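Okay, so here's the structure we're looking at.
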Protein chains: 2
Amino acid sequence: MRNNFSLALKKLNLKITPKRLAILEILMKESVFLGPEEIWKKLRTRFKKIGLPTVYRNLEELAEGNIISKINHPNRQLYYYLCPNQSPHHHFICLSCHKVEDINFCILKELEEEVINNIRGKVLSHILQINGLCKECFKERKNGL
Amino acid sequence: MRNNFSLALKKLNLKITPKRLAILEILMKESVFLGPEEIWKKLRTRFKKIGLPTVYRNLEELAEGNIISKINHPNRQLYYYLCPNQSPHHHFICLSCHKVEDINFCILKELEEEVINNIRGKVLSHILQINGLCKECFKERKNGL
DNA sequence: AATTAAATAAAAATCATTTCTATTTAACAC
DNA sequence: GTGTTAAATAGAAATGATTTTTATTTAATT
């Protein structure tokens, strides 16, 4: 596990610092989307003296290197980060437990064609985020959703 | 035109103020997505004394009433607003000229089914934003895109 | 162990957005 | 039209997330 991260960091010419590894470990353990401040609070249990800017900087660097990815939460204006996944822009987000799952999105090609037909321009990128309840939360129907 | 706006405002129990109408006229004229500050600058040519908070407040109220809608721009963290359109969450955004077009999205039902099959939970909402070049900008290939 | 460039802490700055309060104004009744 | 009232506004200040700055520390390499 740690070796994977180290290798990935080396490829990006990022030094392997305890804090950087800790951030990745937190994101890996949680498999939930977290804000910089949430991550910072978790880090402070291990590092008494860690600054919030350090967390921001690291998250940004890791996101640039595609080790983690950035998403939007619909009801907050902050960005959240998440461990690597195959399709960086297709998320299913559980609004109850905040778990993030990839969605198997074979419709995308069709969509792109449809858009090109409508717009007659060029598609460069997209943001697709689907919000709902995951299996478990749907059963429990937490939060009155 | 103005009557349409007045009627819509009345339905929402919002008073018909010159500034409120001006905001709607700007958004209608431009048919491009604009940030609060951009709108504010345009308003100041007509109203010397208009505060940015007034613009924010109005945009928020109008968005709540579905007279305008809010979208995300991928490379800025700000929200942008746009005149009413039929499908509030499906936008095609030209990264060159910032024009916003609706996309005729008949694939959505399929997508929802696909997600439900994968996740086995519940879909509550989604954000779909497609970025690219509109017909005109694609021809001109502005901005090196 | 010494060197060097990157990473960090801490404080301060920035920037978008929101809140607060006193004043103004639109809507409505007369 | 004039008066009344609740909503809208200006302007200043507050907020809150994020970024920048600078001096110090540390990881990587020799």
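Predicted model, so just to flag it, every value in this text is computed and none were measured. So that the names make sense, note that chain A is the first sequence line, chain B the second, and so on, each numbered from 1.
- Here the side chains of A/Glu64 and A/Leu12 are not in contact, with every heavy-atom distance at 4.5 Å or above.
- Atom C1' of nucleotide C/dT8 and atom CH2 of A/Trp40 are separated by 15 Å, given to the nearest angstrom.
- Pairs of residues two or more places apart, or lying in two chains, that qualify as salt bridge (charged side-chain N to carboxylate O under 4.0 Å, His left out) and include a residue from residues 7-20 of chain B are B/Arg20-B/Glu61.
- Taking 4.0 angstrom as the limit, B/Arg57 places none of its side-chain polar atoms (N or O) nearer than this to OP1 or OP2 of C/dT18.
- Between the CG atom of B/Leu52 and the P atom of D/dA13 there is a distance of 16 Å, given to the nearest Å.
- A/Ala8 and A/Ile67 make their closest contact through CB-CD1, 3.7 Å (heavy atoms, listed as atom of the first residue, atom of the second, distance).
- Between the side chain of B/Trp40 and the main chain of B/Ile50, a donor-acceptor pair closer than 3.5 Å is present.
- An end-to-end axis angle of 40° holds for the helix from C/dA1-D/dT30 to C/dC30-D/dG1, taken from five base pairs per end and rounded to 10°.
- The side chain of B/Lys19 contributes no N or O atom lying less than 4.0 Å from OP1 or OP2 of D/dT9.
- Between A/Leu59 atom CG and C/dA7 atom C1' the separation is 15 Å, expressed in whole Å.
- Pairing each heavy atom of B/Arg46 with each of B/Ala22, the nearest pair is NH1-CB, 3.8 Å.
- The side chain of A/Glu61 sits closest to C/dA7 out of C/dA7, D/dA10, D/dT18.
- Atom CD in B/Glu60 sits about 14 Å away from atom C1' in C/dT19, given to the nearest Å.
- Note on A/Tyr56: every side-chain N or O is 4.0 Å or more away from OP1 and OP2 of D/dT19.
- Here C/dT8 presents its C1' atom at 16 Å from CZ of A/Arg44, a figure rounded to the nearest Å.
- For A/Glu37 and A/Lys42, the salt-bridge test fails: no basic side-chain N is under 4.0 Å from an acidic carboxylate O.
- No side-chain heavy atom of A/Asn58 sits less than 4.5 Å from a side-chain heavy atom of A/Leu14.
- Residues B/Leu59 and B/Leu27 form a side-chain contact, since some pair of their non-hydrogen atoms from C-beta on lies under 4.5 Å apart.
- Remark: A/Lys15, A/Ile16, A/Pro18 in residues 10-18 of chain A come within less than 4.0 Å of DNA chain D through at least one heavy atom.
- Counting only distance, with no hydrogens or angles, the side chain of A/Glu38 and the backbone of A/Gly35 share a donor-acceptor pair below 3.5 Å.
- Rounded to an integer number of Å, the gap from B/Phe47 CZ to D/dA10 P is 9 Å.
- Taking atom CD1 of B/Ile23 as the reference point, atom C1' of D/dA8 lies 11 Å away to the nearest angstrom.
- Checking D/dT18, C/dA10, D/dT9 against every side-chain atom of A/Pro53, the shortest atom distance belongs to C/dA10.
- Separating the CG atom of A/Leu43 from the C1' atom of C/dT8 is a distance of 13 Å, rounded to the nearest angstrom.
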